Amino acid sequence: MTNSDIADIIKLFANLTELHGGNEFKIKSYNAASFKIDKLLTPLEGKSIEELEKIDGVGKSLASKIYELNQTETFGELKELLEATPQGVIEMMRIKGIGPKKIAMIWKEMGIESIGELLYACRENRLAQAKGFGMKTQQNVIQQIEFIFASAHKFHYAKVEKIAFDLVKHLQAFEETDEVSLTGAIRRKCDTIDALELCISISGDENNLAQYIAESLNISEIEVHTSTLTFFINETLPVIIYFCEQDDFIETLFETTAAAKHIELLKSLNADFSFTNASSETEIYSRISLPFIEPEMREGVAELKWVQNPQRPALIELTDLKGILHNHSTYSDGQNTLEEMAVYCKEIGYQYLGICDHSKAAFYAKGMKEETIIQQHVEVDKLNQKLGGDGSFKVFKGIECDILNDGSLDYSNEVLASFDFIVASVHSNLKMTEEKAMNRLLRAIENPYTTILGHPTGRLLLMREGYPVDHAKMIDACAANGVVIEINAHPYRLDLDWRWIDYALNKGVKLSINPDAHEREGYHDMYYGVCAARKGGLFKEMCLNTFTLPEITAYFQSKKP
């Protein structure tokens, strides 16, 4: 189990303890332990109880629970609490804004034991009338439940990509396989997917394929249909395998890859458009005088405009990125020191690092006060001498500066002027009307010190919808004020949404693919940002961090007020 897995289970244990009216001190202790475990750099898996006890923040009682978790994926006290709690009540704890104590009241006093029952109660206005709630809380609960329902049975691309690639390799090993490929939403690299889809051509019988999968992957139930096999991995992740003969592979792959709207677009160019009997996907597009369209773009959104442009630039590649902006260190809530972040950035081939620890309003993330900024800037200067004295590498002095409720930035102009660049982001009071959100964002965009607008909607995919934004108005304001918009590459954010990239490019707004890394390994999330950027048609000339070190140095200097 990863530290994150262990932290989640300890958090669940704390919540269940509170739900059942357990000891307050114990609840606080386990909540704090969950937070610490999630930030630990040392893996807890495979350690003895004695080794666990020596880790800061892990006492004797917690050590035994972690040890048991590593052996059995649960522990005694947790099992007892789970057995005493209806599954629907546990699911209700996913609703943001109502903690375990309120869930306990909903369950024990209102007799509600599922999210569906709670939604029905809200529709009847019963929650608003219950003690300690009210109309505002009820409306928030309705919105949260609707979001949970809309996100049900979906998966983050990053969570299933490795499973998908492993499954491709596994199918390639089947002796009757001719060709195999990912297809559907995962081939289009959508930010969330409903199922893993694969296309395979086989020389034998589909029942042989089904038997191979069942025996080699230990799958108990596989449904065989006319042209598909369906089953579940780990009883949760749906898999659809489209099988065909080798002569039909390209046709099947093309048809199952493209979103329905993409095929509609192609047929709008030629009503007789056909993708049968093709030797390649390139040939399919050539039939209607189009160049090859990358799988990521086959969404039916802006791909025709991109591909029909005679000056069409190539889609951005991961190798085009020259530096990494928007990263955190132990100066705020990062897991690695500034030097560790800088050294690793240089080791993996980048020319520059933009360090952007949190500003002071983010007290929960150890946001930097003014005196800490001075300390960090001294260290940056020393690191630049140590790592970039020959001009090959540089750490830029950045900050992820909170956009406050009134739209102002978190420091005085004098302090803001001490940074090379500023990522302005909203982190607090996310429950806003669109009018409030836009007033807040527009004032920040108009601030002459704002270089990049960070994760502009605040969304967390499958977890939080984000505050309402008028995207066109926001992008127009960035165009008018020369502000770059971030594509936050963390696979749970991917914000700006790729669907708005084309609009931004048409307005001349540059984008920056930033990992929002809180540890060194977070740099590799840049890959997911590039996936999203390619879906929207981004090319390197319009991406800020494709600039070389001299180019971005000049750019930051040119943006100084």
Side-chain angles (χ1 to χ4, degrees), residues 94-97 136 139-140 143-144 146-148 150-151 154 156 158 191-192 325-328 332-333 356-365 367 398-410 422-447 450-475 477-478 483-501 503-504 509 511-518 522 525 528-529 532-533 536:
R94 295 170 55 199
I95 301 169
K96 297 182 184 297
K136 188 174 181 181
Q139 188 57 39
N140 175 61
Q143 291 172 352
Q144 289 288 323
E146 288 175 343
F147 182 73
I148 287 170
S151 304
K154 293 181 182 290
H156 293 105
D191 42 30
T192 63
L325 304 173
H326 189 174
N327 306 280
H328 299 265
S332 62
D333 61 346
C356 289
D357 280 300
H358 286 286
S359 65
K360 61 183 179 180
F363 59 89
Y364 50 86
I399 188 77
E400 186 177 19
C401 192
D402 266 37
I403 299 173
L404 304 180
N405 283 336
D406 63 356
S408 62
L409 300 187
D410 196 14
I422 289 165
V423 176
S425 305
V426 172
H427 287 112
S428 60
N429 300 323
L430 304 184
K431 295 174 184 176
M432 299 179 282
T433 63
E434 183 178 304
E435 181 182 11
K436 170 65 177 174
M438 289 308 301
N439 287 339
R440 195 171 171 184
L441 287 172
L442 292 177
R443 185 177 177 194
I445 290 167
E446 291 165 359
N447 190 307
T450 297
T451 318
I452 301 171
L453 180 64
H455 45 71
T457 72
R459 77 176 186 181
L460 292 174
L461 290 166
L462 306 183
M463 290 179 275
R464 184 174 73 203
E465 197 168 9
Y467 40 84
V469 166
D470 182 331
H471 281 82
K473 191 173 182 180
M474 177 183 72
I475 292 168
C478 288
V483 170
V484 176
I485 298 179
E486 174 177 83
I487 300 175
N488 190 293
H490 192 291
Y492 288 9
R493 285 192 184 271
L494 299 177
D495 182 17
L496 181 75
D497 188 290
W498 64 266
R499 294 164 186 83
W500 285 96
I501 290 175
Y503 185 87
V509 174
L511 300 158
S512 182
I513 301 174
N514 300 335
D516 200 354
H518 285 67
D525 285 346
Y528 302 112

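Here the structure is a predicted model, which means the values were calculated and not measured.
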**OP:** Go through Lys436 and Lys431 one step at a time and tell me if the side chain to side chain contact (heavy atoms under 4.5 Å, CB included) criterion holds.
**Re:** CA-CA 9 Å; Lys436 170 65 177 174; Lys431 295 174 184 176; over 6 Å; no
Original post:
So Leu430 and Arg464, side chain to side chain contact (heavy atoms under 4.5 Å, CB included) or not? Walk me through it.
Top reply: CA-CA 10 Å; Leu430 304 184; Arg464 184 174 73 203; 3.4 Å; yes
**OP:** Begin from the C-alpha positions of His455 and His427 and carry the test ring-ring contact (aromatic ring centres under 6.0 Å, His included) through to its verdict.
**Re:** CA-CA 10 Å; His455 45 71; His427 287 112; 5.1 Å; yes
Original post:
Checking side chain to side chain contact (heavy atoms under 4.5 Å, CB included) for the pair His326/Ile452: CA distance, chi angles, key distance, verdict?
Top reply: CA-CA 10 Å; His326 189 174; Ile452 301 171; over 6 Å; no
**OP:** May I have the step-by-step check of side chain to side chain contact (heavy atoms under 4.5 Å, CB included) for Val469 and Met438, ending in yes or no?
**Re:** CA-CA 6 Å; Val469 166; Met438 289 308 301; 4.0 Å; yes
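Here the closest non-hydrogen pair linking Leu441 and Ile403 is CD2-CD1, 4.3 Å. The minimum heavy-atom distance between Asn488 and Pro515, with the atom names listed, is OD1-O, 4.4 Å. Looking at every heavy atom in both residues, Arg440 comes nearest to Leu404 through NE-O, 2.9 Å. Nearest heavy atom pair, residue Val423 against residue Glu486, reads CG1-OE2, 4.5 Å. Closest non-hydrogen pair, Ile487 versus Ala533, comes out as CD1-CB, 4.0 Å. Taking each heavy atom of Pro491 and Leu461 in turn, the nearest pair found is O-CD1, 3.6 Å.
Separating the OG atom in Ser332 from the CD atom in Glu400 is a distance of 8.5 Å, to the nearest 0.5 Å. For the atom pair CG (Leu496) and SG (Cys478), the distance works out to 9.0 Å, reported to the nearest 0.5 Å. Distance CG/Asn405 to CZ/Arg443: 11.5 Å, rounded to 0.5 Å. Interatomic distance, Asn439 CG to Asp406 CG, rounded to the nearest 0.5 Å: 11.0 Å. One finds the CD atom of Glu465 at 8.0 Å from the CD atom of Gln143 (value rounded to the nearest 0.5 Å). In this structure, CZ on Phe363 lies 10.0 Å from CG on Asp402, to the nearest 0.5 angstrom.
Taking the charged nitrogens against the carboxylate oxygens, Arg493 and Asp495 have no contact shorter than 4.0 Å, which rules out a salt bridge.
The backbone N or O of Cys356 sits less than 3.5 Å from a side-chain atom of His328, completing a donor-acceptor pair. The main-chain N or O of Tyr492 is found under 3.5 Å from a side-chain atom of His490 such that the two form a donor-acceptor pair. Under the 3.5 Å distance criterion, the side-chain polar atoms of Asp410 are left unmatched by any main-chain donor or acceptor of Cys401. Thr451 places a side-chain N or O within donor-acceptor distance of the main-chain N or O of Ile422, the cut-off being under 3.5 Å. At distances below 3.5 Å, at least one donor-acceptor pair connects side-chain atoms of Tyr467 with backbone N or O atoms of Pro456. For Arg459 (side chain) and Leu494 (main-chain N/O), a donor-acceptor pair under 3.5 Å exists by modelled atom type.
In this structure, His358 and His518 have tilted ring planes: the angle between them lies in the 30° to 60° band.
Taking 4.5 Å as the limit, every side-chain heavy atom of Asn447 sits out of range of all side-chain heavy atoms of Ser408.
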